[in-house]
Number of protein chains: 2
Amino acid sequence: MARVVSLKNSPAAREARGREELVEVAVELFARNGFAGTSIRDIADAVGRSVSNVYHYFENKEALWLAILERSVKALPGRLRGAIDGVSEPRTRIAALVREHLDVSEQYRRESRIFFIDEERLSASGNKANKRIQREILTIYVAELEGLRAVGLLADGDIRITAFNMLGVINWYLRWSKPSAGQAKREQTVDQVLAFILRGTGSEK
Amino acid sequence: MARVVSLKNSPAAREARGREELVEVAVELFARNGFAGTSIRDIADAVGRSVSNVYHYFENKEALWLAILERSVKALPGRLRGAIDGVSEPRTRIAALVREHLDVSEQYRRESRIFFIDEERLSASGNKANKRIQREILTIYVAELEGLRAVGLLADGDIRITAFNMLGVINWYLRWSKPSAGQAKREQTVDQVLAFILRGTGSEK
DNA sequence: CCAATTATAGAACGATCGTTCTAGACAGCT
DNA sequence: AGCTGTCTAGAACGATCGTTCTATAATTGG
């Protein structure tokens, strides 16, 4: 047998792998059964390790939760800003923003579910981090809508409410879209969601 | 002291009152902490009665849950149909449908939250009842959108997706609208949500 | 007013929860 | 090879879970 020396087998790398595997199955279980409905034993069994092993990597259940938040939701504002960076036409910016948001939601489908479901159920620290991110996202949307209004392309009304409505459509997308859909079908669906946000149900008048 | 003889003090009435009070606080706790996050003891303590008293009125925790479903969500399809009954103009029908839906959601705010949060977490029977109602609601929306399309007032695309988008806006309304808002403010908000559904973000063009 | 039913409380059950403790297996380094 | 720190398992802890049991108080119907 050949002696295989892994390039990445430093203590730090092993630690990272041990954590990653736990986070991976925790996401799955939290998304399916919620925070209170998922036990440390469930998670340990799912990775085929012991309960105390989980505690070796994470201080407690909530730290595991926060690790999930860390690797997914926290990146959302940055990705949204990146998607509109450099685009100047307001309508194009809105479209790029929505498309990127739908894309990220799709990518972190389970994570997104978790944070919508157990939004207000965590300790002060977790809750605060979650709330802060949501406020950040809202700010991005409000700014874009103000840009749209500046060029007379936004209907009258409270901009925040319009932002909430957009977010409603986008976040609800996670509930009904099929993860199994093919690429072509998915693009078509995203197009229609975007069309709804821009023009609602109406064709012309 | 005057001897007060209640008009409604039959065993059946007492039973109903005993149940009602439990359902009332269960709604509050389930909405705040979720199904798994709420214990029978929490509920018993909140009504100031004993744990076994809860079991006197409800077979188990899930039966209590189903009682909540019974008194709120189950009535939704009927109320939606009632709101559009007799209205002929398709646009007016859609508006009436959305307004009624927002109204009912507001009225059963906590109940709605519960069933969005713990949607897929219950036993077969509870889950099935919940799913059936949601399918019924979707059917109502699809039918209305078909009516709109028949007169050329609906943009192209899959009608079901448009229905989902509408439901996203409506259901998300629960997340951000303030229950404390006054009547005038609320009507104004509802107007804007409806306007978004009909025309999206765009003014004209 | 008394028997029968209903409402309630309190203790207890086994299961499971999050968490901790103890101790052995394994790795990396000298 | 032997030491040092990381990784892992298993048992155990007290708390709490949903649920049941037993018994007492309250209420109703005759």
Side-chain angles (χ1 to χ4, degrees), chain A residues 3-26 29-30 32-68 118 121-126, chain B residues 3-26 29-30 32-68 118 121-126:
Chain A
R3 180 88 169 298
V4 178
V5 178
S6 170
L7 283 172
K8 283 277 189 183
N9 212 16
S10 65
R14 302 211 317 142
E15 153 96 14
R17 256 183 295 129
R19 286 175 64 95
E20 195 56 36
E21 201 183 357
L22 283 169
V23 169
E24 188 57 43
V25 318
L29 292 175
F30 281 150
R32 185 156 52 225
N33 307 318
F35 185 77
T38 303
S39 74
I40 300 284
R41 281 169 183 84
D42 290 341
I43 296 167
D45 288 351
V47 288
R49 292 193 249 155
S50 69
V51 171
S52 35
N53 184 265
V54 177
Y55 279 92
H56 176 72
Y57 291 99
F58 297 96
E59 193 188 348
N60 51 35
K61 195 180 175 184
E62 177 152 320
L64 184 45
W65 173 279
L66 290 177
I68 295 173
D118 282 306
R121 305 246 181 71
L122 291 171
S123 79
S125 72
Chain B
R3 180 94 167 296
V4 179
V5 177
S6 170
L7 283 172
K8 281 279 188 182
N9 211 14
S10 64
R14 302 211 319 143
E15 152 96 15
R17 255 183 294 129
R19 287 174 63 96
E20 195 57 35
E21 200 182 357
L22 282 169
V23 169
E24 189 57 43
V25 316
L29 292 175
F30 281 149
R32 184 155 52 226
N33 307 319
F35 185 77
T38 303
S39 73
I40 299 285
R41 281 170 183 82
D42 290 340
I43 296 167
D45 289 350
V47 288
R49 292 193 250 153
S50 68
V51 172
S52 35
N53 184 264
V54 177
Y55 279 91
H56 175 72
Y57 290 100
F58 297 96
E59 193 188 347
N60 51 36
K61 196 180 174 184
E62 177 153 320
L64 183 46
W65 173 278
L66 290 177
I68 295 173
D118 281 308
R121 303 243 182 74
L122 291 170
S123 77
S125 73

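Fair warning: this is a prediction, and the values are worked out from it, not measured in the lab. In the text below, chain A, chain B and the rest are named by the order of the sequence lines, each starting its count at 1.
- Across the protein-nucleic acid pair, A/Ile43 atom CD1 and D/dA9 atom C1' stand 18 Å apart, rounded to whole Å.
- Although no hydrogens or angles enter the test, the distance criterion places a donor-acceptor pair under 3.5 Å between the side chain of A/Arg49 and the main chain of A/Gly18.
- Protein atom CG of B/Asp42 is 13 Å distant from nucleotide atom C1' of D/dA15, rounded to whole Å.
- The interatomic distance linking B/Glu62 (CD) with D/dT19 (P) rounds to 9 Å, in whole Å.
- Here the CZ-OH distance, from B/Arg17 to B/Tyr57, works out to 9.0 Å after rounding to the nearest 0.5 Å.
- Rounded to a whole Å, the CZ atom of B/Arg19 is 17 Å from the C1' atom of C/dT8.
- Distance, B/Leu29 CG to D/dC17 P: 12 Å, rounded to whole Å.
- Minimum interatomic distance between A/Ala46 and A/Leu29 (heavy atoms only, all atoms of both residues): CB-CD1, 4.1 Å.
- For the pair B/His56 and C/dA7, the criterion of a side-chain N or O lying under 4.0 Å from OP1 or OP2 is met.
- Comparing B/Ser39 and A/Gly48 along DNA chain D, the residue whose closest nucleotide (by nearest heavy atom) sits nearer the 5' end is A/Gly48.
- Taking atom OH of A/Tyr55 as the reference point, atom C1' of D/dG10 lies 15 Å away to the nearest angstrom.
- If you find the closest nucleotide of DNA chain C to A/Glu59 and to A/Gly37, the one lying nearer the 5' end belongs to A/Gly37.
- The nearest pair of heavy atoms linking B/Phe30 to B/Ile43 is CZ-CD1, 4.2 Å.
- In this structure, the nucleotide among C/dT19, D/dT8, D/dT19 sitting nearest to the side chain of A/Ser50 is D/dT8.
- Nearest nucleotide to the A/Asn53 side chain, out of C/dC17, C/dA7, D/dT8: D/dT8.
- B/Tyr55 places a side-chain heavy atom less than 4.5 Å from the side chain of B/Ile40.
- To the nearest angstrom, P of C/dT6 lies 17 Å from CZ of B/Phe58.
- Atom CZ in A/Phe35 sits roughly 12 Å away from atom C1' in C/dC17 (whole-Å rounding).
- A/Arg49 comes within 4.0 angstrom of sugar-phosphate atoms only, judged by non-hydrogen atoms across all strands, and of no base.
- Of the candidate nucleotides D/dT8, C/dA9, C/dT8, D/dT8 has the atom lying nearest to any side-chain atom of A/Tyr57.
- Listed nucleotides: D/dA12, D/dC17, D/dT20. Nearest to the side chain of B/Ser52: D/dT20.
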